[in-house]
2 protein chains.
Amino acid sequence: MKKAPTIRDVAAAAGVSVSVVSRVLNPESGPVAPAKREQVLNVIRELGYRPRAAARELSAGHALTVGLVVTDLANPFFAQLADRVVWEARSHGVQVVVMTTQEDPHLEAESLDTLLDRSVGGVIATPTGGNVEKWDRLRDLGVNVVFVDRAIAELSDVDVVSIENSDSARRATDHLIALGHERIALITGPASTSTGRSRIGGYRAALEGASISLDPMLVRHVPFRGDGGGDAVGSLLASPDAPTGLIVANTAQVQSSVRRLVQMGVRIPDDLSVIVFDDNPWTELTSPPLSAIRQPIGMLALHSLELVLGRMQGRLPAGARTIEVMADFVPRSSCAAPARSATKSVTR
Amino acid sequence: MKKAPTIRDVAAAAGVSVSVVSRVLNPESGPVAPAKREQVLNVIRELGYRPRAAARELSAGHALTVGLVVTDLANPFFAQLADRVVWEARSHGVQVVVMTTQEDPHLEAESLDTLLDRSVGGVIATPTGGNVEKWDRLRDLGVNVVFVDRAIAELSDVDVVSIENSDSARRATDHLIALGHERIALITGPASTSTGRSRIGGYRAALEGASISLDPMLVRHVPFRGDGGGDAVGSLLASPDAPTGLIVANTAQVQSSVRRLVQMGVRIPDDLSVIVFDDNPWTELTSPPLSAIRQPIGMLALHSLELVLGRMQGRLPAGARTIEVMADFVPRSSCAAPARSATKSVTR
DNA sequence: TTACCGAGTGGAACCGGTTCCACTTTTGTA
DNA sequence: TACAAAAGTGGAACCGGTTCCACTCGGTAA
């Protein structure tokens, strides 16, 4: 086990000073005679020299690294987001340190501390909603923060990248209304989250547009973790006045909800029309394939990274930026006109 | 934007030297009088001091970081692996830098260089199969390498963690044989990969055990990337002598293969019994639910990290270790006895 | 009483880069 | 030809930790 060459090794071998080598490495930092540059580059090649990141970071005060803080990578949405962020970051020569929170503010706080230790230049995060002061402190110490997917109301001066939540929920709801549904259930995230609020807003707007009154019983706020989606499905369908349409707008709960529907033997779309938020590879492999709101994950990743890197390089004007990208509605065969059920006729 | 306190700030505030503060931070490195220790700890708390990782790394020569190099995070297998590795690493105070290769040796080489720059203490990787010299160089520079899921034949002295590939394939094949299948197709990875070879070995062993001769036309080696799985399915079923059973043992190609089956309207298990490698959350949501070999991803992650950290801390004896964990076979309703088809009767 | 040992402490070098600054050599222009 | 400006170079400080070493104390054994 030998040890890697350092800048001084290169300087010695090339017969120049370390300053010259450093300038060859960072061309903007000063002039180097073409001949010497060539000479140094040759030695670098021969020795297989590569600058140590730690040394550079120590000197620069911050690292060419961004932290990615998400709930967990088992959720395909975050997995794909991470995939794109990592991929996109690479092309900018930036590394990504991934941390997961499991939606637990304490774990989130720990993650932020760790990222701070690492002097990351920026953080892309799906915040749990807590740790307001911690986020502030982070920003105060010069770490550029971008929230993706969700926002925090108390932190209005943070960049945010998300889909048009309200609009997406509205389109999904409209689709079911157009098919003739009037009792449309919504499973969404906690009301404390921005996505939960926005999506319910779009749902409400669609109902109002069709003069359908909103039945609070049909709206379920379900935490991101756990099996709340399945339970909500169970309780919604157990009602004597069960819905004929269902929108699962809590990405993390789609699996749990669909699993319960399958277990209960619910016939889709005969018994229930279903639309889920977030189009996964498997949503079209279920039977029937599920109609879905497809989040343009690549776009979310791209914009988030663009923002973080832009801030890190100081080439963005001050002031928080909010980017909302359009999500596609992908109609599949899980939606149909409601059956004229016994329940339905009772209400007539 | 203020700047974070340094060890000298702490020393000054506590009225001691930096050496003392450092010894408080790293208790094993020397004695500190209890009174002063308390005093220093108080100041640390007050100032919110946290040691900069870069400085520590520079001095130590290596980082408390491991690299995780996988194909991509869009594949649920790797996503879950990453999830567990990140989670497990956190509890050891280790950060994970994730890099993806897209199965491209060039990208892999780039990733390894980058990880080298970062002075990572270890790397957990699913190697593409190339870059043999590069892996050697990495190890030569003191980076601890553990291969997960796959091995590289030329690098026999590297730790490897995987499932019992041969045994798993054998059990899947046995299951179909027991149901009465004789024409069993196998879609697996390239023959150049260890998983491809081992799994075909198990398949062959099962057939031999049942005195069924192996028809080379039924074995398809498909690259990890692209839509080869779907194409293989198409060509297998187009044959006049089509199989009645199918094992998709190339994790990356399961989605593509299943999608094609659905598109072709193949009735499972009536027309074809199917077993897939790798149990995803969605394999039981398709209809019918798919029988699967369930890789104990948590175990893979745990052992990989255990090995890497063990090596980093020098508490493991020399000599490469190979850990093979048992995979579960999860029978679901995608397998049944073969129908007595026209094709079948011809062969009798 | 002296010599010795270990605990406790601070100074300073070091890790490997970057950058400022002083200095020498060109080059361009009057 | 003279002289200022620009190009090119190397020395040394610095980033923020760790660690080696010399040194000062007590306490204990000879």
Side-chain angles (χ1 to χ4, degrees), chain A residues 2-41 43-44 47-65 93 116-121 141-142, chain B residues 2-41 43-44 47-65 93 116-121 141-142:
Chain A
K2 49 190 179 203
K3 65 182 193 311
T6 74
I7 197 172
R8 289 172 227 271
D9 296 332
V10 174
V16 299
S17 72
V18 293
S19 319
V20 172
V21 180
S22 179
R23 280 195 290 268
V24 169
L25 260 29
N26 317 35
E28 332 71 45
S29 69
V32 177
K36 294 222 171 184
R37 146 165 289 114
E38 210 50 46
Q39 187 179 337
V40 169
L41 285 175
V43 172
I44 287 180
L47 267 51
Y49 167 75
R50 314 207 90 226
R52 226 74 79 247
R56 203 194 292 259
E57 286 171 23
L58 181 55
S59 183
H62 63 95
L64 262 183
T65 302
L116 210 47
D117 298 348
R118 301 218 68 86
S119 323
V120 295
L141 286 167
Chain B
K2 49 191 178 202
K3 65 183 193 309
T6 74
I7 197 173
R8 292 173 224 269
D9 296 331
V10 174
V16 299
S17 72
V18 292
S19 319
V20 173
V21 180
S22 180
R23 280 194 291 267
V24 170
L25 259 30
N26 317 38
E28 330 73 46
S29 68
V32 177
K36 294 223 171 187
R37 145 165 288 113
E38 210 50 46
Q39 187 178 335
V40 169
L41 286 174
V43 172
I44 287 180
L47 266 50
Y49 167 76
R50 314 206 91 227
R52 226 74 80 247
R56 202 194 293 258
E57 286 171 22
L58 181 56
S59 184
H62 64 93
L64 262 185
T65 303
L116 210 47
D117 299 348
R118 303 217 66 86
S119 324
V120 295
L141 286 166

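Naming convention: chains lettered A, B, ... in sequence-line order (proteins, then strands); numbering from 1 in each chain. Note: hydrogens, waters and symmetry copies are ignored here, and every other heavy atom, side chains too, is used.
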Counting any heavy atom closer than 4.0 Å, what does B:Ser22 reach on the DNA or RNA strands: base, sugar-phosphate only, or nothing? base
Considering only heavy side-chain atoms of B:Val20, the closest of D:dG10, C:dT9, D:dG8 is C:dT9
From C:dT9, D:dG10, C:dG16, pick the nucleotide closest to the side chain of A:Arg52? C:dG16
How long is the line joining CG of B:Leu58 and C1' of C:dT18, in whole Å? 12 Å
Among C:dT18, C:dT19, D:dG17, which nucleotide sits nearest the side chain of B:Tyr49? D:dG17
Can you find a donor-acceptor N/O pair under 3.5 angstrom joining the side chain of B:Ser19 to the base of C:dG11? yes
Taking the side chain of A:Val18 as heavy atoms from C-beta outward, which of D:dG10, D:dG17, D:dA12 is closest to it? D:dA12
Nearest to side-chain heavy atoms of A:Val16, which nucleotide of D:dG10, C:dT18, C:dG11: D:dG10
Please determine whether any donor N or O and acceptor N or O are separated by less than 3.5 Å between the side chain of A:Arg23 and the base of D:dG8. no
For DNA chain C, please output the secondary structure as dot-bracket, reading 5' to 3'. Pairs are Watson-Crick or G-U wobble, both atom distances under 3.5 Å; mark crossing pairs with [ ], other-strand partners with |, unpaired with a dot. ||||||||||||||||||||||||||||||
Expressed as a whole number of angstroms, how long is the span from B:Leu64:CG to D:dT18:C1'? 14 Å
A:Ile7 side-chain proximity, nearest of C:dT18, C:dT9, D:dG10: C:dT18
Shortest non-hydrogen pair, B:Ser17 vs B:Ala11, comes out as C-CB, 3.8 Å
Return yes if the base of C:dG16 and the side-chain atoms of A:Arg56 contain a donor-acceptor N/O pair under 3.5 Å, otherwise no. no
Nearest to the side chain of B:Val32, heavy atoms from C-beta on, is which of D:dT18, C:dT9, C:dC20? C:dT9
What's B:Pro31 touching, base or sugar-phosphate or nothing? Going by heavy atoms closer than 4.0 Å. base
